[in-house]
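Step one of this worksheet: look at the structure below.
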Amino acid sequence: MPRPILATIHTQALRHNLQRVRAAAPDARVWGVVKANAYGHGIERVFEGLRGADGFALLDLHEAERVRALGWRGPILLLEGAFEARDLELCSRLNLWHTVHCNEQIDMLAVHKTHQPHRVFLKMNSGMNRLGFAPQRYRAAWSRLDALPQVDEISLMTHFSDSDGPKGIAAQMKVFEAITHDLPGERTISNSAAALRFGSEPAVRADWVRPGIAVYGSAPDFPDHDTAHWDLQPAMSLASRIIGVQQLAPGDTVGYGSSFTADAPLRIGVVACGYADGYPRHCTTGTPVLVGGVRTRMVGRVSMDMITVDLTPLPDAGMGTEVTLWGRASTGAVLPIDEVARAGGTVGYELMCALALRVPVVVDA
Ligand SMILES: *Cc1c(COP(=O)(O)O)cnc(C)c1O
């Protein structure tokens, strides 16, 4: 028997979540963001669930090739654009739309030989200070692009730094609108949090929204809101089984560093899942986990291949009992990935992206 850990990708949940974003941002077209191998889910594994999107957004050229290899003929957007001049050849060959965020990328386009002019997304740095043209340089960049025979349509783009938090999007919206209000072209500005929280405002959802995390079933603004609030379903479940049981006496400790000490008799289960599977090592005693679909807690430290869980609420659990690290148990009970991430001091994004290669993955309808 193989080691019992298994990740499951839920096609129906992906469809459902995509629908939730559509409902939150009515009449906007939706990029399914599948960068980082579809946030760790696997591009090929999510394709069926997300093929109802209007396009796919990603940033690795090999990933764009994989999406085309799946037979996708619709739009693909490179969120960081070309990294070097020859990337534009692939854009021409595969008809990839690409972001232009700096003058060097315009220089590359200006000398690129193509029969088919490119559709580009001109990115403004409206305050995040990562990629994009400063507002006062944006229109000059637009004019430069507009003059190039290599460029067809120019769309307008920016990215929010605080769409999930108290600062919100108002300041960046104001900057973006002030500079672009009289420019032609489609607009895309909203990630998951902006689409869910502010997508009812036409200027925010604009022509395209770019949801990533929400389609994978994690609440972008957790813990302010959870997946139940947004009606999102986990697209990934990570499950394993109990492979050992120990009966602790008061004063007994568990695991490396003896970080947990039993203060009463305690039955614990040893689960075949550790940080080498992508389970965060920063999670410690108290992190929620489902055993047989029932919520309990982890105790002690995460080791490379194992964690230990409190079986107090589960007198019948033992060798072979199903353990859900995140996602949906076979009973239907759900442990949102956001809760586990929070216990480990991180976000759901990181956990799903970090699912280790050694974990086998299946796709369920
Ligand atoms: C990753 C990314 C997104 C998606 O963000 P989520 O928070 O996962 O919805 C949208 N736009 C850009 C430019 C991105 O890099």
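Values below: every heavy atom of this structure, side chains too, minus hydrogens, waters and symmetry copies. All values derive from a computational prediction rather than experimental measurement. We count ligands from 1, going down the list as the structure has it; atoms in each ligand are counted the same way.
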Is the closest basic N to carboxylate O distance between [X] and [Y] below 4.0 Å?
| X | Y | value |
| --- | --- | --- |
| R205 | D27 | yes |
| D224 | R197 | no |
| K35 | E63 | no |

**Asked** Is it the side chain, the backbone, both or neither of H159 that has a heavy atom closer than 4.0 Å to ligand 1?
**Response**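 Answer for H159: side chain.
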If you have a sec, work out which protein heavy atom is nearest [atom] and how many Å separate them, to one decimal?
| atom | result |
| --- | --- |
| atom 7 (O) of ligand 1 | Y349 OH, 2.6 Å |
| atom 11 (N) of ligand 1 | R210 NE, 2.8 Å |
| atom 2 (C) of ligand 1 | K35 NZ, 2.6 Å |

**Message:** Using a 3.5 Å cut-off on N or O atoms only, is G212 in polar contact with ligand 1?
**Reply:**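 It does: an N or O of G212 is found under 3.5 Å from an N or O of ligand 1.
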**Item:** Polar atom proximity, A193 to ligand 1 (N or O, under 3.5 Å)
**Value:**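 In this structure, A193 places no N or O atom under 3.5 Å from an N or O of ligand 1.
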**Heavy-atom nearest neighbour of atom 9 (O) of ligand 1 within options A195, A194, S192** =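 Of the listed residues, S192 has the closest heavy atom.
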**Message:** Between D231 (side chain only) and A228 (backbone N and O only), is there a donor and an acceptor less than 3.5 Å apart?
**Reply:**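 It does not hold such a pair.
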**Request:** Within a distance under 4.0 Å of any heavy atom of Y39, pick out the atoms of ligand 1 and give their elements.
**Result:**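 In order of numbering, the contacting atoms are 1 (C), 4 (C), 5 (O), 6 (P), 8 (O).
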**Prompt:** If you count the atoms of ligand 1 from 1 in the order shown, which ones are under 4.0 Å from a heavy atom of P211?
**Reply:**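 Under 4.0 Å from P211, ligand 1 has these atoms: 9 (O).
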**Request:** May I have the step-by-step check of ring-ring contact (aromatic ring centres under 6.0 Å, His included) for Y216 and H41, ending in yes or no?
**Result:** CA-CA 8 Å; Y216 301 105; H41 294 64; 4.5 Å; yes
**Asked** What is the distance from atom OG of S192 to atom CG of D164, rounded to the nearest 0.5 Å?
**Response**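 These two atoms lie 10.0 Å from each other.
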**Message:** Under 3.5 Å, is there a donor on one side chain and an acceptor on the other for H115 and S92?
**Reply:**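 The answer is no; no qualifying pair exists.
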